[in-house]
Amino acid sequence: MALHLYDTATRDVREFRPARSGTASMYICGATVQGVPHIGHVRGALNYDVLRRWLVHNGLDVLLVRNVTDIDDKIVTKAADAGRPWWEWAATHERAFEDAFTVLGCLPPSISPRATGHVTQMVELIQRLIDRDAAYVSGGDVYFSVTSLPDYGSLSGQRPDEVQQGETAADGKRDPRDFTLWKAAKPGEPAWPTPWGEGRPGWHLECSAMATTYLGSEFDIHGGGVDLVFPHHENERAQSHAAGDGFARYWLHNAWVTLSGEKMSKSLGNIVAIPEMLRKCRPVELRYYLIQPHYRSTIEYSDEALAEAAQGYRRVEQFLRRAGGEVRLGEVPAEFAAALDDDLGTPQAFAVLHNTVRDGNTALDAGDDTKALEFAESVRAMVHVLGLDPLSKQWQDAASHSGEARALGTLVDALLSERVQARADKDFTRADAIRDQLTAAGIAVEDTPNGPSWTVRD
RNA sequence: GGCGGCGUGGCCGAGUGGUUCAGGCAAGGGCCUGCAAAGCCCUGUACGCGGGUUCGAUUCCCGCCGCCGCCUCCA
């Protein structure tokens, strides 16, 4: 079965056929860098990272654009409140987002274009819209005329007559539903020169301009959170279609991470920021937690569920450790591929992963190392696609190569040697004392047929 | 008011018109172990409520209840 994806625009699961064979182009709405990232922000990025990895696994050359919206009302307002330059405020939070994406194992995008760097392209797009009578100048503002596009509202399922743009109904609008492409500058605000005067971009314009700049007038996948369906993506689509661009061919939207049943948002004060999360678990465990549920299902965050996920990941990790160090990347099972092909069915994919882990453990228990290795290679192929490969460079414990780690290893090994001797001598009191001592130090000891094994526990 | 989503066993979380319907975590029993740990095996008999369609519905239809989201910045 070929990859199928749920397309918001058509409201059904469609076979994914890239516009250009052998390639896939993705535009992901990244952050408006007005604050610190929380796990909801990161969830979306993770979902699209898995999709991207799956496309790559299937031999496609993927171009991934993840934008940074570094100019908008909130950035200007918040920076002013903090008494900092708007551009410093934006840059600071852009870095926080980048760090969060990186620490959770998102592959870097092909490019992370910033809105402020693409004013030229925005001006050009506005001009095309004006030329086609889809936009008009009013004072120093430029508005998009919603009535110029007959199927306006079709992406989000809104009826045009019911639609309201959140923006204040400015005086210059011909129709209250029209939205702003370009805002005239107010004194003291950041501004760029245009044929219509000094100003700054409206919210939706930058994505249309940047997507088509890098991916062409038509590209394959446009992704973002469900809240972006309307008005952001509806308006992006409108302005690009009105300009004559084919624009996105598949619209994907990921669901929320909620807290106590409510959407995480700064205004509710219920965000779980990334640095805070990483005190509770390892980054790879957070990644596991966030990508296991289906991307279109809401995740109701809880510490307990996160801990369960971490436990589940450790099971996989433990199996690969048991199977030995020389586990190559094998092939993913057909059921795993079928699961991901079915609208990125990660829950089913994880089920296949765990079934394979069990089969592998069973083989190990039976002493069939050859078979176990085959399962391990298959497991590794799956976790590789999911970005969860414990043997990958990303997740190799960085500290394991440090001087401290070597010193620790030497000491633990010495104690374990002593314990092996004690056990051989049937001095179990001594053997257990050593184990207790290590346990108290946060080191878990396991006896295996090949001798003792130890890991540092949280 | 317009549009949309959700309610599954102790918990998380899939899924399907029908004897055996994921997977994980936790729990109990067993195997293994000097004892553990890890691993493996077994056990739980669930689908918000009320109708309807059907030989049969958790799965389809209708109504209801509850929760949530978008329509205002938002991943």
Side-chain angles (χ1 to χ4, degrees), chain A residues 8 11 28-32 34-35 37-48 69 72-75 77 97 153 156-159 161-168 203 223-232 234 253-258 260-268 271 288-289 292-294 296-300 302 304-316 318-319 321-322 335 339 345-355 357-366 423 426-429 431-432 435-436 439 444-449 452-455:
Chain A
T8 303
R11 272 137 236 265
I28 306 304
C29 274
T32 301
Q34 46 144 318
H38 61 241
I39 59 175
H41 293 126
V42 147
R43 187 215 179 161
L46 252 19
N47 290 146
Y48 299 114
T69 297
D72 87 323
D73 290 345
K74 287 231 166 141
I75 291 170
T77 309
F97 271 84
S156 58
Q158 304 286 325
R159 294 186 204 158
D161 55 336
E162 293 284 347
V163 163
Q164 300 170 8
Q165 298 294 344
E167 318 169 347
T168 35
W203 177 29
V226 281
D227 56 333
L228 297 180
V229 176
F230 190 91
H232 186 51
E234 188 72 66
H253 292 96
N254 60 278
W256 302 120
V257 179
T258 60
S260 305
E262 288 184 311
K263 173 182 169 179
M264 225 173 254
S265 79
K266 273 168 277 235
S267 56
L268 292 171
I271 67 165
Y288 182 105
Y289 172 63
Q292 179 171 34
H294 189 85
R296 288 192 286 113
S297 295
T298 303
I299 296 177
E300 165 66 15
S302 74
E304 294 73 22
L306 174 64
E308 282 185 9
Q311 206 57 42
Y313 176 73
R314 287 173 197 170
R315 174 180 157 79
V316 177
Q318 173 75 6
F319 165 62
R321 195 183 302 135
R322 278 187 88 195
E335 315 86 75
T346 51
Q348 298 88 339
F350 274 75
V352 176
L353 172 66
H354 277 103
N355 283 332
V357 166
R358 193 198 314 112
D359 291 343
N361 276 320
T362 301
L364 282 172
D365 286 351
R423 293 181 71 209
K426 307 284 186 197
D427 182 359
F428 296 120
T429 306
D432 290 351
R435 186 168 62 195
D436 291 345
T439 303
V445 176
E446 295 173 14
D447 296 318
T448 77
S453 144
W454 63 277
T455 48

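Within every chain, numbering begins at 1; the chains are lettered A, B, ... in the order of the sequence lines, protein sequences first and strands thereafter. Small disclaimer: the values here were computed from a predicted structure and weren't measured.
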Classify the nucleic acid contact of [X] as base, sugar-phosphate or nothing, counting any heavy atom under 4.0 Å across all strands shown.
| X | answer |
| --- | --- |
| G225(A) | sugar-phosphate |
| G345(A) | nothing |
| S156(A) | sugar-phosphate |
| G40(A) | base |
| V42(A) | nothing |
| H294(A) | sugar-phosphate |
| L364(A) | nothing |
| D227(A) | base |

Open item on the list: Base of A38(B), side chain of R322(A) - is there a donor-acceptor contact under 3.5 Å?
Closed with: no
- [ ] Report yes if a donor N or O on one partner sits less than 3.5 Å from an acceptor N or O on the other, where the partners are the side chain of D447(A) and the base of C32(B); otherwise report no.
- [x] no
Nearest-Å distance for atom pair [atom1]/[atom2], residues [X] and [N]:
| X | N | atom1 | atom2 | result |
| --- | --- | --- | --- | --- |
| H232(A) | C70(B) | NE2 | C1' | 15 Å |
| D365(A) | C41(B) | CG | P | 9 Å |
| L228(A) | G69(B) | CG | C1' | 13 Å |
| K263(A) | U72(B) | NZ | P | 12 Å |
| W256(A) | C70(B) | CH2 | C1' | 8 Å |

Task: K74(A) side-chain proximity, nearest of G34(B), A75(B), C73(B) - done: C73(B)
- [ ] Tell me which nucleotide among A75(B), A38(B), C73(B) gets nearest to the side chain of Q318(A).
- [x] A38(B)
[N] OP1/OP2 closer than 4.0 Å to side-chain N/O of [X]:
| X | N | answer |
| --- | --- | --- |
| T32(A) | A75(B) | yes |
| N254(A) | A75(B) | no |
| S297(A) | G5(B) | no |

Does a donor on one side chain and an acceptor on the other come within less than 3.5 Å for [X] and [Y]?
| X | Y | result |
| --- | --- | --- |
| Q292(A) | T346(A) | no |
| R321(A) | Q318(A) | yes |
| N361(A) | R358(A) | no |

Roughly how many Å apart are [M] and [N], using the [atom1] atom of each and rounding to a whole number?
| N | M | atom1 | value |
| --- | --- | --- | --- |
| C35(B) | G30(B) | P | 14 Å |
| A57(B) | A46(B) | P | 15 Å |
| U59(B) | U54(B) | C1' | 13 Å |
| U20(B) | G13(B) | P | 27 Å |
| G34(B) | A27(B) | C1' | 27 Å |
| C6(B) | A14(B) | P | 11 Å |
| C67(B) | C42(B) | C1' | 37 Å |
| G23(B) | C62(B) | C1' | 34 Å |

Open item on the list: For R11(A) and V445(A), find the nucleotide of RNA chain B closest to each by heavy atoms; which residue's nucleotide sits nearer the 5' end?
Closed with: R11(A)
Task: Base-paired stems in RNA chain B, each at least three Watson-Crick or G-U pairs under 3.5 Å - done: B:1-7 with B:65-71, B:10-12 with B:23-25, B:27-31 with B:39-43, B:48-52 with B:60-64
Open item on the list: I'd like to compare against my own output: the B/S/- annotation of nucleotides 20-27 of chain B with a strict under-4.0 Å heavy-atom distance to protein.
Closed with: --BSBBS-
TODO: Output all residues satisfying ring-ring contact (aromatic ring centres under 6.0 Å, His included) with H354(A), sequence neighbours left out; order by chain, then residue number.
DONE: none
